[in-house]
Amino acid sequence: MTLNIRVIAPDKTVWDANAEEVILPSSTGQLGILTGHIPLLTALDIGVMRVRIDKEWQPIILLGGFAEIENNNITILVNGAEETSNLDLDKIQKNLDEATIALTEAQTNKDKIDATQNLRKARARLQAINVLNN
């Protein structure tokens, strides 16, 4: 038995496949889903969704949204998503450093919110590349 997982962004369907397991970045922490999971609706945070297909983990960067789990179907509506096939560790580390500096230098509330979001995205990219390299 498998899970049917669909990730839908405003402009396209990002992912539509079956998997044995998925780990979601929920707003309350990591949430693991296996077949037979009880029905659930949860908010998602910026982070990495990990999907296990044929014993291999594949990461997808989610930029916040909601997930509904029901009858082995997982429908995920996200604000945005990023593929992980073209991640570059040096570029990710540079973006992480820049985001950290921008947060420490932020003056206004808007600047702080924007810098925090950029830092969370940079951390998610680093987590995704670590999943790929393991």
Side-chain angles (χ1 to χ4, degrees):
M1 212 168 179
T2 60
L3 299 166
N4 180 5
I5 303 166
R6 293 188 70 208
V7 178
I8 303 167
D11 57 341
K12 66 180 178 175
T13 297
V14 178
W15 181 276
D16 190 357
N18 291 326
E20 294 105 30
E21 182 179 0
V22 64
I23 299 174
L24 298 171
S26 81
S27 59
T28 58
Q30 298 294 305
L31 178 62
I33 307 294
L34 296 169
T35 57
H37 198 283
I38 62 169
L40 176 71
L41 180 62
T42 186
L44 300 176
D45 208 351
I46 293 173
V48 177
M49 175 179 83
R50 292 172 290 185
V51 181
R52 187 168 58 93
I53 300 174
D54 297 327
K55 299 181 183 177
E56 294 281 324
W57 287 99
Q58 297 180 16
I60 299 171
I61 300 166
L62 303 181
L63 304 178
F66 294 90
E68 178 185 37
I69 297 105
E70 187 171 26
N71 297 326
N72 294 323
N73 292 307
I74 302 174
T75 304
I76 301 168
L77 304 175
V78 293
N79 300 325
E82 295 180 9
E83 297 288 333
T84 58
S85 57
N86 58 353
L87 292 177
D88 177 289
L89 182 58
D90 292 333
K91 185 176 178 182
I92 291 169
Q93 190 60 53
K94 181 181 177 190
N95 287 343
L96 184 62
D97 294 341
E98 289 171 354
T100 302
I101 292 168
L103 181 58
T104 61
E105 295 176 350
Q107 298 293 319
T108 67
N109 284 342
K110 182 186 181 323
D111 290 343
K112 290 176 185 176
I113 290 169
D114 291 343
T116 300
Q117 293 292 80
N118 289 334
L119 182 60
R120 293 170 70 204
K121 290 175 187 177
R123 286 181 179 157
R125 291 181 190 111
L126 183 62
Q127 181 184 3
I129 204 164
N130 288 334
V131 170
L132 287 172
N133 291 334
N134 287 332

**Student:** Report the hydrophobic cluster partners of Val14, with the cluster defined as I, L, V, M, F, W, Y residues connected by side-chain heavy atoms closer than 4.5 angstrom, directly or transitively.
**Tutor:** Leu3, Ile5, Val7, Trp15, Val22, Leu24, Leu31, Ile33, Leu40, Leu44, Met49, Val51, Ile53, Ile60, Leu62, Ile69, Ile74, Ile76, Val78
**Student:** For a 4.5 angstrom cut-off between non-hydrogen side-chain atoms, does Thr116 reach Leu103?
**Tutor:**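 Yes, their side chains come closer than 4.5 Å.
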**Student:** Distance from Asn118 atom CG to Leu96 atom CG, nearest 0.5 Å?
**Tutor:** 11.0 Å
**Student:** Mind listing the closest non-hydrogen atom pair of Ser26 and Thr42 along with its distance?
**Tutor:**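 It is CB-OG1, 3.7 Å.
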**Student:** Out of curiosity, Phe66 CZ to Ser27 OG, how far, rounded to the nearest 0.5 Å?
**Tutor:** 8.5 Å
**Student:** If I take atom CG from residue Asn4 and atom OG1 from residue Thr75, how far apart are they, to the nearest 0.5 angstrom?
**Tutor:** 7.5 Å
**Student:** Under the side-chain contact (heavy atoms from CB on, under 4.5 Å) rule, what do Glu70 and Asn73 come out as? Steps first, then yes or no, please.
**Tutor:** CA-CA 5 Å; Glu70 187 171 26; Asn73 292 307; 5.7 Å; no
**Student:** Using the rule given for side-chain contact (heavy atoms from CB on, under 4.5 Å), can you reason through Gln58 versus Arg50, listing the C-alpha separation, both sets of side-chain angles and the distance that settles it, and then say yes or no?
**Tutor:** CA-CA 6 Å; Gln58 297 180 16; Arg50 292 172 290 185; over 6 Å; no
**Student:** Quick one: name the residues clustered hydrophobically with Ile113, using the 4.5 Å side-chain heavy-atom rule over I, L, V, M, F, W, Y, and just say none if it's on its own.
**Tutor:** none
**Student:** Heavy atoms, side chains only, cut-off 4.5 Å: are Val131 and Ile129 in contact?
**Tutor:** no
**Student:** Taking side chain to side chain donor-acceptor pair (under 3.5 Å) as the test, write out the residues that go with Thr104, two or more places apart.
**Tutor:**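 Side chain to side chain donor-acceptor pair (under 3.5 Å) check on Thr104 returns nothing, list empty.
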**Student:** For the CG atom of Leu89 and the CG atom of Leu126, what is their distance to the nearest 0.5 Å?
**Tutor:** 7.0 Å
**Student:** Heavy atoms only: give me the nearest Gln30-Pro25 pair and the separation to one decimal.
**Tutor:**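 Nearest heavy atoms, Gln30 then Pro25: NE2-CA, 4.0 Å.
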**Student:** In this structure, are over 12 heavy atoms from other groups packed under 6.0 Å from Asp16 atom CG?
**Tutor:**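 Yes, CG of Asp16 has more than 12 neighbouring heavy atoms, counting only those of other groups under 6.0 Å.
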**Student:** When you measure from the side chain of Asn72 to the backbone N and O of Gly36, does any donor-acceptor pair fall under 3.5 Å?
**Tutor:** yes
**Student:** When you measure from the side chain of Glu20 to the backbone N and O of Asp54, does any donor-acceptor pair fall under 3.5 Å?
**Tutor:**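 Yes, the answer is positive, given that a donor and an acceptor are paired below the 3.5 Å cut-off.
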**Student:** Are the charged groups of Lys110 and Asp114 less than 4.0 angstrom apart, N to O?
**Tutor:** yes
**Student:** If you measure from OG1 on Thr35 to CG on Asn18, what distance do you get to the nearest 0.5 Å?
**Tutor:** 11.5 Å
**Student:** Working to the nearest 0.5 angstrom, can you tell me the gap between Lys94 NZ and Asp88 CG?
**Tutor:**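 Between Lys94 NZ and Asp88 CG, I get 11.0 Å after rounding to 0.5 Å.
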**Student:** Might you work through the side-chain contact (heavy atoms from CB on, under 4.5 Å) test for Arg125 and Lys121, ending with a clear yes or no?
**Tutor:** CA-CA 6 Å; Arg125 291 181 190 111; Lys121 290 175 187 177; 3.8 Å; yes
**Student:** Looking only at heavy atoms, what is the nearest atom pair of Thr84 and Pro59, with distance?
**Tutor:** OG1-O, 3.0 Å
**Student:** For residues Ala124 and Gly47, report the shortest heavy-atom separation together with the two atoms involved.
**Tutor:** CB-CA, 3.9 Å
**Student:** For Thr108 and Asp111, does a side-chain donor sit closer than 3.5 Å to a side-chain acceptor?
**Tutor:**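 Judged by distance alone, the side chains do pair up.
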**Student:** Hey, does Arg6 have a side-chain heavy atom less than 4.5 Å from the side chain of Ile8?
**Tutor:**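 In short, these two side chains touch, coming nearer than 4.5 Å.
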